[in-house]
Amino acid sequence: MPHHQPCHVAKARSCSSASRPTTSKVAQLRRKRFFVLVRILLKRLERDDPEGYKRAKEVIRECTKKNREGVPDFLSLVDSIHRSLKTNISASHLHRSEQYLDHFMKQKYEVGREITGRAA
């Protein structure tokens, strides 16, 4: 009996490679998105939780230093900063910053569609 794939999977596999983002492009986008999230988080902390802001800055500084030194658990700067922030910063601050980022990205996408005249 042949195995049937969901329609979106079959379409994705039939797309030309030029229309799909490469792994490095996806990684770049993930990295950019994460660092925008960090900027939002730092702004929120600076305004609402000065001690949390200091902790977050120290976490980022320490992760960056260990990444540059080649410490194995810190080879991915994004992953190490994210992991360290999750253990050192209030989950509510992280969650709220992610909500702000999602809202910002949604607005940016909608404005882009309006400018180009493309429908969803």
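Predicted model, so just to flag it, every value in this text is computed and none were measured.
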Looking at Asn67 and Phe74, what are the two nearest heavy atoms and their distance? ND2-O, 2.8 Å

Could you grab the distance from atom CD of Glu51 to atom CD1 of Ile89, nearest 0.5 Å is fine? 10.5 Å

Could you tell me which residues satisfy ring-ring contact (aromatic ring centres under 6.0 Å, His included) with Phe34, sequence neighbours excluded, listed by chain and number? His82

Please step through side chain to side chain contact (heavy atoms under 4.5 Å, CB included) for the pair Phe35 and Leu77, ending with a clear verdict. CA-CA 10 Å; Phe35 284 111; Leu77 187 58; 4.2 Å; yes

In terms of heavy-atom contacts, Asp73 and Ser80 come closest through O-CB, 3.9 Å

Hydrophobic clustering (ILVMFWY, side-chain heavy atoms < 4.5 Å, transitive) - are Val26 and Leu37 grouped together? no

Main-chain N/O of Ile81 paired to Ser84 side chain as donor or acceptor, under 3.5 Å: no

Salt bridge (Lys or Arg N to Asp or Glu O under 4.0 Å) pairs touching residues 76-104, sequence neighbours excluded, are Arg30-Asp79, Arg33-Asp102

Any link between Leu94 and Phe104 through a network of hydrophobic side chains (Ile, Leu, Val, Met, Phe, Trp, Tyr) touching at under 4.5 Å? yes

Could Glu69 and Lys66 be called an ion pair, given the rule that one side-chain N must be under 4.0 Å from one carboxylate O? no

Between Arg55 and Glu58, is the closest basic N to carboxylate O distance under 4.0 Å? no

Within a reach of under 6.0 Å around CZ of Arg47, are more than 12 heavy atoms found that belong to other residues, nucleotides or ligands? yes

Please step through side chain to side chain contact (heavy atoms under 4.5 Å, CB included) for the pair Lys32 and Val36, ending with a clear verdict. CA-CA 6 Å; Lys32 282 182 183 180; Val36 171; 5.5 Å; no

Point-to-point distance, once rounded to the nearest 0.5 Å, from CG of Asp49 to OG of Ser92: 9.0 Å

Chi angles and distances behind the side chain to side chain contact (heavy atoms under 4.5 Å, CB included) call for Lys54, Lys57: CA-CA 5 Å; Lys54 289 176 187 174; Lys57 293 286 281 188; 5.8 Å; no

Does the side chain of His103 pick up a donor-acceptor pair with the side chain of Gln99 at under 3.5 Å? no

So which atom in Leu45 and which in Gly52 form the shortest heavy-atom distance, rounded to 0.1 Å? CD1-O, 3.8 Å

Going through the checks in order, is the side chain to side chain contact (heavy atoms under 4.5 Å, CB included) test met by Val59 and Thr87? CA-CA 10 Å; Val59 161; Thr87 59; over 6 Å; no

What pair of heavy atoms forms the shortest contact from Leu42 to Ala56, and how long is it? CD2-CB, 3.8 Å

